[in-house]
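Counting convention: from 1, in listed order, for ligands and their atoms alike.
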Amino acid sequence: MQQKQLEQIDKYVRKIFTHDETGHDYYHMKRVANMAKEIAISENANVFICEAAGLLHDIGDHKLFSDPVKEKKKMITYLQSINLSTEHITAVNIAIENISFSRGKVPRSLEGKIVQDADRLDAIGAIGIARAFAYGGSKGNLIFADTRKGTTIEHFYDKLLKLKDLMHTRLAKEMALKRHAIMENYLTEFFKEW
Ligand code: ADP
Ligand code: NI
């Protein structure tokens with residue numbers, strides 16, 4: 001039953017995020033769901049909620065949707081239509097309500113903290129570097145400039161290099177250290193070449 005529901009959610013999310021060019025495509029949702037599942041197992045958290053919330057976490061993001069409230073309502077209607085229980089829908093909603101870095105909030109459930117960790121892990125390391133340049137390119141930002149402001153390289157200092165210290169779970173902290181080192185090496189090489 002839950003496996004079938006996850007497959008249905010997967011299809012729903014794939015459809016919504018197929019054409020994204022800002023680094024928030026379907027495969028970001030899939031990686032976050034997979035990572036959230038792995039962390040959930042190591043934390044004895046609710047694996048189903050973490051995986052479902054991982055897939056759904058960017059639905060209603062104000063950067064990505066012109067009408068976030070409507071998009072969230074559509075999501076809930078969809079979850080009801082595939083027979084997710086009211087408790088599961090509530091748990092998913094709680095898990096995704098405060099994910100965003102820009103809002104600077106800590107999710108109130110363990111499952112929310114896990115999805116936030118998974119989302120942040122996908123913003124750092126090799127994938128994170130790729131996503132940052134995809135995002136910057138989609139907004140017309142320069143790779144780098146001597147003024148620094150508004151460039152994608154500056155985003156590493158504004159945000160990405162801070163993420164390793166903001167992880168909640170043990171596994172995410174461990175993985176973040178490795179991914180952080182990849183970014184540091186990358187930046188060293190970048191400035192040598194620059
Ligand atoms: P959140 O959804 O947690 O608020 P963001 O949407 O800010 O996080 O970040 C999601 C992805 O977009 C990350 O991979 C991040 O690096 C990238 N991103 C966000 N803002 C910028 C920016 N100004 N320059 C480059 N990449 C960015
Ligand atoms: Ni995300």
Side-chain angles (χ1 to χ4, degrees), residues 9-10 12-40 49-66 68 71-72 75 92-108 111-145 147-169 172 175-176 178-180 182-184 186-187 190:
I9 293 171
D10 187 291
Y12 178 75
V13 167
R14 187 190 276 264
K15 224 176 176 174
I16 293 178
F17 293 102
T18 306
H19 299 295
D20 177 274
E21 293 163 358
T22 70
H24 296 82
D25 54 277
Y26 162 73
Y27 295 101
H28 165 62
M29 313 309 155
K30 195 69 188 168
R31 286 190 304 271
V32 171
N34 289 339
M35 183 60 64
K37 181 181 180 180
E38 204 178 319
I39 301 173
I49 296 301
C50 286
E51 211 177 337
L55 284 167
L56 296 163
H57 77 278
D58 272 331
I59 289 186
D61 185 310
H62 59 96
K63 288 189 300 305
L64 307 174
F65 296 92
S66 53
E71 203 58 42
K72 267 264 168 74
M75 177 191 91
V92 166
N93 262 320
I94 290 175
I96 66 180
E97 68 190 349
N98 285 323
I99 295 293
S100 171
F101 173 83
S102 30
R103 292 215 208 147
K105 290 197 175 149
V106 177
R108 55 189 159 119
E111 285 71 23
K113 293 187 176 80
I114 288 173
V115 177
Q116 190 173 63
D117 277 1
D119 192 29
R120 287 171 170 177
L121 281 170
D122 209 53
I124 60 178
I127 295 264
I129 294 170
R131 290 184 69 220
F133 287 105
Y135 185 98
S138 79
K139 302 290 171 199
N141 298 340
L142 285 178
I143 294 171
F144 187 60
T147 49
R148 297 185 83 113
K149 216 170 149 28
T151 67
T152 298
I153 288 293
E154 191 59 9
H155 180 65
F156 284 78
Y157 297 92
D158 285 345
K159 171 175 167 184
L160 304 181
L161 292 169
K162 295 174 182 163
L163 292 179
K164 78 166 176 21
D165 294 325
L166 297 173
M167 299 293 169
H168 309 292
T169 62
M175 298 189 75
K178 280 192 206 146
R179 295 187 185 198
H180 184 88
I182 290 168
M183 292 193 296
E184 296 238 295
Y186 174 77
L187 290 167
F190 183 94

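Near Lys159, meaning under 4.0 Å from one of its heavy atoms, ligand 1 places the atoms 5 (P), 7 (O), 8 (O), 9 (O). Close approach of ligand 1 to Asp61 is summarised as follows: ligand atoms under 4.0 Å from at least one heavy atom of the residue are 2 (O). If you number the atoms of ligand 1 from 1 as listed, the ones under 4.0 Å from a heavy atom of His24 come out as 6 (O), 10 (C), 11 (C), 12 (O). Short contacts between ligand 1 and Ala123, defined as distances under 4.0 Å to a heavy atom of the residue, involve ligand atoms 13 (C), 14 (O).
Formation of a donor-acceptor pair under 3.5 Å by the Gln116 side chain with backbone atoms of Lys105 is found in this model. Lys139 contributes no side-chain N or O that, together with a main-chain N or O of Tyr135, makes up a donor-acceptor pair within less than 3.5 Å.
How far CG of Asn98 is from NZ of Lys113: 10.5 Å, rounded to the nearest 0.5 Å. Atoms CZ and OG1, on Phe190 and Thr152 in that order, are 9.0 Å from each other to the nearest 0.5 Å.
When the Ni ion (ligand 2) is compared with the N/O/S atoms of Asp58, atom OD2 turns out nearest.
In summary, His57 places an N/O/S atom under 2.8 Å from the Ni ion (ligand 2), meeting the contact criterion.
Between the side chains of Asp58 and His28, a donor-acceptor pair is found at a separation under 3.5 Å. Judged by distance alone, the side chains of Tyr26 and Asp10 do bring a donor and an acceptor atom under 3.5 Å apart.
The N/O atoms of Lys63, backbone and side chain alike, include one that comes under 3.5 Å of an N/O atom in ligand 1.
Screening His168, Arg179, Lys159 for a side chain to side chain contact (heavy atoms under 4.5 Å, CB included) with Arg120, the sole residue that qualifies is His168. The only option from Lys72, His57, Arg108 that meets the side-chain hydrogen bond (donor to acceptor under 3.5 Å, both in side chains) definition with Glu97 turns out to be Arg108.
The residue Asp158 has no part lying near ligand 1, judged by heavy-atom distances below 4.0 Å. Using a 4.0 Å cut-off between heavy atoms, Asp122 makes no contact with ligand 1 at all.
Around the Ni ion (ligand 2), the two atoms OD1 of Asp119 and NE2 of His28 are separated by an angle of 90°, to 10 degrees.
Taking 4.0 Å as the cut-off, His28 does not count as a neighbour of ligand 1 on heavy-atom distance.
Evaluated by nearest non-hydrogen atom to atom 15 (C) of ligand 1, the leading choice among His155, His57, Lys139 is His155.
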